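Here's the structure we're looking at; comments come further down.
Order of the sequence lines fixes the chain letters, A, B, ..., with proteins taken first and strands second; residue numbering starts at 1 for each chain. Computed from a predicted model, the values in this text were never measured in an experiment. Computed over heavy atoms, backbone and side chain alike; hydrogens, waters and symmetry mates excluded.
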Amino acid sequence: MFSFIGYQPKEVRFNSQRIINVVLKEDAAKLAEVVITALGIKKEKKALGYAVTEISGADFNDVKATNVLNSLSGKVAGVQINTTANGVGSSSRVVIRGNSSFGGNNQPLYVIDGIPMRSSSSDVAYGDEFGSSGVDTGNDHSANINPEDIESMSVLKGPSAAALYGSRAANGVILITTKSGKIGQGLGVTINSNTMVEEAYIFPQYQNKYGAGRGGSISGKRWDLNPELAYEDANGIEINRVGDDKSWGAQLNGQTYRQWDSYYTIGKYAATPNFAKNFYRMGTTLSNSVSINGGTEKTKVRASFTNLKNEGIVPNSKQNRSTVTLRMSTEIADKLTLDGKITYVNQIVDNRTVSAGRSSIPWILNMMPRSISNSFLKDYLNPAYDPAAWPPAGITAFNISKERRDPSNPAYLGLWDPLGPKAPWVGNPYWMVNNHTNQDERNNYTGFASLKYKITDALTAMVRVGLDQSMVFANSKKAKGALRLNYEGSYSESTDFRSDLNADFLVSYNKELSEDVSVTMNLGGNHFRSESRSTSVSASRFIIPDFFAVNNFEDISRGNLYRSQMDVNSIYFAGQVGYKNLAFLDVTGRNDWSSTLPAANRSFFYPSVAGSFVFSDAFEIDRDFMRLGKLRASWAQVGNGTDPYRLAPGISTGRFGTQLTIGLDGTIPLADLKPEITTSIELGTDLSFFNNRFAIDFSWYKSNTVNQIVNVGVPESTGFTNRVVNAGDVQNKGIELLVSGTPVETDNFSWDTSINFTKNNSEVIEVLSDEDVNFVNIGFVNLSGGNGINFRAEKGQPYGVIYGRKFQRNNEGLVVVDSKGNPLGTEQVLIGNANPDWLAGITNSFRYKNFRMSFLIDIRKGGLIINNTARTMGRAGTHVNSIAGREAFYNSPEFLSLTNGSGRSSLPGSNFGGIPYWTNDNAVVQDQNLPTDASGKQIGGELNNFYASPRVYHENLFKSGIVEPFVEDASYVKLREVSLSYNLPQKSLKKLPFRNVSISIVGRNLFFFHKNTKDFDPESNVSSGNGQGLEGNALPGTRRYGFNLKLEL
Amino acid sequence: MKKSIKRSIGKVLLVLSVIVFTSCEKDFDEINTDPNTPSAEVIPVDNMFLGLLTNIASETNNETMAIISDLFGFAFPSGIAAYEVGTASKWGMYSSIKNVNQLIELTGESGNSSNVVNNGVAKILRVIYYQRLVDLFGAIPYFEGGQGLKFPQPKYDSEEVIYKDLVKELDAAVATINSGSSGVYGPGVDLVYSGNSSKWVVFANSLKLRIGMRMRFVDPVTASKVITESLSATLMSSNEDSWNFKYPGSEASNSSGFFSTTSPSNRFVSELMFKKLRESSDPRKFAYADPAGLNKTIYQGQVNGLNVNFDDGAQSTRSAKMWQDRTFPAYLMTYSEVNFLKAEAALASIGSGNANVEYRKGIRASMEQWGVAEADITTYLATPEATLSGNEENQLKQIAIQKWISLYTNGHEAYAEMRRTGYPAIAQRSASGTIQRLDAQGNLQTIEVGYRLGTTEGIFPRRVEYPTSEKELNPTNYTAAVNTYGNGLLDKVWWDVR
């Protein structure tokens, strides 16, 4: 007979101070034989027909990430975390077993103490230099959960595990159980203090050889010398003119010059190699928490307060988050338990980093001429210049004092007077961080109350109401000033309210029918209501300068208002039959009624079946050799509704003064919308040997998502741009492997190790069956003047392939250039995709007496990322790539033979020097008279003997939108986490008022063992939306390290 | 105690189950009704009409078209300047055609807001859109266009067929309007003719004259018939009759498209335009642009296609009248244009008009429209420029160029007429040229600059390419159209035969 390991052993495990992955724990006594599954039902692991991974709170408390989701990285097979490099409060993307939906966000559902929580991440608008770009507003409260409060997290990967949470769980579920007090344990106090610093260490490859200027000279005189123009001042010092604010100037040799950022300063023309590094500061994160828990015989209580203060590496950027939680559970009458929790989170984030363009700090730092010094720009408020000696036309000032931005002041710049000084291409970052600011404040209230009544020993009934509300106030301020885009100032403000209500009931019946047969039955219902309201208003053109109130602006756009509501009602059941505790069969069924679907399709049912077979027990395998041998199989479906208001023809409205304009929306609705259905199969085995010293957990899965509710394009000549369809079939197939072991275990020393491995292959099997539509665009990013990249779900390809422009090539594969040596681009073609080939995580932890050391290595193989940093920096002449060919070009006979004023700016290249790229590549010249092959490629062609001017080359490459040379491999091997901790021995504790004291030194993302991207951390995606694989002037890669102190009273 | 609790729990459970079971679908239709926009069944036609008018107005003042037709010159190193025309936005007019079709249906006999006058005016709007599209792209989906899933992949129709149908549509629209009596749409909505339906008829007649004239060289017989018909109808007879959309300008959202909340910088007048104005001492230059230079005396345009970022202040910016006046209107068709059309008809011996008289009336009307002082008008009318002379070709050139000057701000029409008449001609651009810029002392200096030549190698484009979305989403019809009518920037449209 087997001993049934019930709740007591589990309690032991949860109280354990050991900080390793609980699922992997090999200690027989502490084996994680019970896991928390859907609806919070605790199940024996061997009874599960599907994969669940559980991680204990300690695993993400030790080495804290400011966004708790990032702590999952490398720890759970089947889970991919994509981070962004958007600074404080930025978002992450969590995808379990691959992307499946064209239109949905593909992210899992978070269930905290049984209450489903809205999950979303910020899909940042990313644009070109002039385009609209946004800020990353972070994840919803899934990321705001205080790691200190987490008891454990369960990752329910497939729909089988998640079927009971219904439509919202189609992308998997992350189940979070928070800590509660302990019955009968008296009062306990835990204090935790964590201090981390953040250091920027991965910067783009800046060149330090050439400074601001044109044509190889500071003033541009080598380029288009015109005797009448002021290239030099009266003393013969060269002037760097305002238009020449890219790094195409002379060699930086410390010569004296008047720099474009201030005519009044005679500067030293020298490189500032660490310009960006000097600008950033050391980031800090302080996280302090105190929790009190206590319990009497009938009541347990836990209260906690946590404050997180995070100052980002960009000056003036910070995040301050406070969380208060009260959890109480009490037996108010015999067999009747009342459980309740309330959490309040207040988070204020200042100055999230703008993702791209002229308001983006990292963009500015990357484009800044290499000859500019930090100290000069820093001093912008005190330029000691004489207004009377304002410079002549064509010369400008960069540093602009407040007085000079005030029109009532005689020294007012009048920035846009055609004869006055003009704003340069890039803004002063020191001015920007103080004058182009944004702030958002999130107030989040969540809570639940439940009543549980134990009617008989076998029958329990529960009712519960949970509420999750958040209110976000955000604003964005742009002072009058030095930026072209916003010289008259602007202000915008928005308020977003969201509320999710869940009302549940659940009746459970648990009975051993006979010695061999046990039965569990659950019947439940859920009412879900989701509402949102938002308002926003924006204004521009100050009346009183730099006073930010909506009424202080000349133009106020009427506020945008939006509200939406959806309801889903559900009834579900779950039943399990166990035979002799060695074979189990699970059946679930759920019916949803969704308000977002038409009456005929509103109600939909989806079932699941799972079984497990403990063969080690059935065949009575020697328990010393094999402790557990289990096979499992499951089949499940999950249905999914859609967003509200997609059934009726849409109307688009606009304001025209006090009037309203109306037109039909560009989307043709589908009145007969059906729910999306995901069907999945999973097979797996759990094996553990040698008293749990060695274990293997393996899963294979396949899931197909059909009937996707998605917008597909229609020819614009129909008057519409797209229509809603039920179409598509996305398949994800993959394997997950977890191998863990305890090679050494003695009283004083132990070594635990584990490796997890994830491989997922996605394929878009079908887009629209009855028409020749082969793809759906799931995202577009404008890189320059309308040229950009598209993210697609395309038939026969993995989900999210990237389309962009490549070099035009002839039939022999040689690059085709025009008669001036400029590259020609193709139309949008397949570039590749960002999905990794595989992911792996390796954890090792060592314990020696009271010391413990552990580290996590996170590995990603394959998947591309487009280096938009090098692309944009090339144009600005600041990237090392832009050095090549300069001297050769400036010394070419063509360049030297030009006489004054003869229009060198029209000179595209020479026959003797310049960028040798195309000639080395044996490029051919485009010739319309040559025949083309079947695919339209030019056959043959004359070899190009034209060298390009480096500036012309990089500008044209940028404008063309060709991304081919910027595609890089995002693989990496990263030291994700390290910690070294020491628990004070019990002996010493006796003299102290503490029950437990532990101190740790921790590090996160310390370094890469390997990466292929030279300019950035390969995890620097611009957004956490469905379109992945683009980096662009993100914040530099950082490492974080610090220490942790934990005191238990 | 125990029992009562048990009972109350039972009650709660029962109530909850009942709620869930019985109300599974209750109110769902109401919940899923969008509270943010009105429902499609009750669209107020007034707001829809206003939406279309504002769209036509902003399309009229469209800067892309003005750059192509060399009315404006921008200093941006943009693709437009190199004749790499962004087409997607132009093809987007189909989105408005969808709305016009809806408006025609709603105001038609069986529509919810049936009204003959409104129906006729809506039909005129459709003609405006389709003529613009066909003039830009050549063959386009017409009979099957803009009707949603009724024609999910619309077929392309030839320009000739479309042109002839546009005339028919206009005639029908006029007949429809004349069969009714009430005003045009609700109060405050018709920001063009203030609800005066007879002015819409006058406009329709004048538009017919424009359409007829467009066919003059390719199909003289039809053109002559259409022109003769329109000449005998009531045409615009004063600047009051011009189709101009009057922006209320009370706030940013109803202000002129030219009104800039930022600045006039980089909003220059084309040097080609200025050359013509300078050569004949045309007083309109003061209305079209503000002078540059230290002493604000330089009237100097911006050459389209410059590939250097040019902001030294040597170019005259668009006039303050235009960019600071929130109410600056959009001129779709002016009285002055009608005069030039009549002059050309007379020149071609269609009708009984006098070419020179109409020509001079056209110049006067344009100057009056731009607020030129009477004395300056008289002076200008006395110059040889203001009198037709020479052979027929030379007279046509004079008419065409004056019309082109008068079309300032209306890029669509200017681009079409340049192609039809060949005047003003834009020579193939070379890779470099000269331009004047200011030196440090504020004096003009002539220097050489380079241009981007774009895919046409600097040749003036004769049409706009179909967007790639057609190629991808309407491949069969797209391919058929390209094979029949071509799709190169240098392929000419049907009426472009000179």
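- With respect to A/Pro644, the side-chain contact (heavy atoms from CB on, under 4.5 Å) criterion is satisfied by exactly one of B/Thr33, B/Asp34, B/Ile31, B/Asn32: B/Asn32.
- Here the OG atom belonging to B/Ser469 is positioned 4.5 Å from the CD atom belonging to A/Glu716, to the nearest 0.5 angstrom.
- We find the NZ-CG distance between B/Lys98 and A/Leu664 to be 5.5 Å, quoted to the nearest 0.5 Å.
- Heavy-atom distances place no part of B/Ile97 under 4.5 Å from chain A, backbone and side chain included.
- In this structure, chain A has no heavy atom under 4.5 Å from any part of B/Asp27.
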Step-by-step side-chain contact (heavy atoms from CB on, under 4.5 Å) determination, A/Tyr645 to B/Thr37: CA-CA 10 Å; A/Tyr645 319 135; B/Thr37 59; over 6 Å; no
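- Proximity to chain A involves both the backbone and the side chain of B/Pro35, based on heavy atoms less than 4.5 angstrom apart.
- Using a 4.5 Å cut-off between heavy atoms, A/Leu824 makes no contact with chain B at all.
- Listed here is the closest heavy atom pair of B/Glu470 and A/Pro715: OE2-CB, 3.5 Å.
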side-chain contact (heavy atoms from CB on, under 4.5 Å) between B/Asn47 and A/Thr653, intermediate numbers included: CA-CA 9 Å; B/Asn47 305 69; A/Thr653 58; over 6 Å; no
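- Considering only heavy-atom pairs separated by less than 4.5 Å from chain A, the leading option among B/Gly148, B/Pro248, B/Gly145, B/Ser96 is B/Gly148.
- Across B/Asn101, B/Leu50, B/Asn55, the residue that shares the most heavy-atom pairs under 4.5 angstrom with chain A is B/Leu50.
- If you take OG1 on A/Thr718 and CZ on B/Phe151, they are separated by 12.0 Å, rounding to the nearest 0.5 Å.
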Check against side-chain contact (heavy atoms from CB on, under 4.5 Å), A/Phe656 and B/Leu53: CA-CA 11 Å; A/Phe656 189 73; B/Leu53 284 188; over 6 Å; no
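- In this view, A/Thr667 and A/Asp665, A/Asn711, A/Asn722, A/Val724 satisfy the side-chain contact (heavy atoms from CB on, under 4.5 Å) rule, not counting sequence neighbours.
- Between the CD1 atom of A/Ile651 and the CE atom of B/Met48 there is a distance of 7.0 Å, given to the nearest 0.5 Å.
- The two atoms that bring A/Asp555 and B/Ala252 nearest to each other are OD1-CB, 3.6 Å, heavy atoms only.
- A/Val714 has its side chain out of reach of B/Pro152: every pair of non-hydrogen atoms, C-beta onward, lies at least 4.5 Å apart.
- Both the backbone and the side chain of A/Leu660 come within contact range of chain B, with heavy atoms under 4.5 Å apart.
- Heavy-atom distances place the side chain of A/Glu827, and not its backbone, under 4.5 Å from chain B.
- Each of B/Pro154, B/Gly188, B/Gly249, B/Ser255 has some count of heavy-atom pairs under 4.5 Å with chain A, and the biggest count is that of B/Pro154.
- Residue contact with chain A, scored on non-hydrogen atoms closer than 4.5 Å, involves the side chain of B/Asn36 exclusively.
- Contacts between A/Ser717 and chain B at a heavy-atom distance below 4.5 Å involve backbone atoms as well as side-chain atoms.
- Per-residue counts of heavy-atom pairs under 4.5 Å with chain A were compared for B/Lys150, B/Glu144, B/Gln102; the largest is that of B/Gln102.
- Residue B/Lys155: no heavy atom, backbone or side chain, is found under 4.5 Å from chain A.
- Around atom CD of B/Glu105, no more than 12 heavy atoms belonging to other residues, nucleotides or ligands sit under 6.0 Å away.
- Closest approach of A/Ile662 to B/Pro44, counting heavy atoms only: CD1-CD, 3.7 Å.
- Chain B forms the most heavy-atom pairs under 4.5 Å with one residue out of A/Gln828, A/Arg655, A/Arg563, A/Glu554, and that residue is A/Arg563.
- Note that OG1 of B/Thr54 and CD of A/Gln659 are 10.0 Å apart. Values are rounded to the nearest 0.5 Å.
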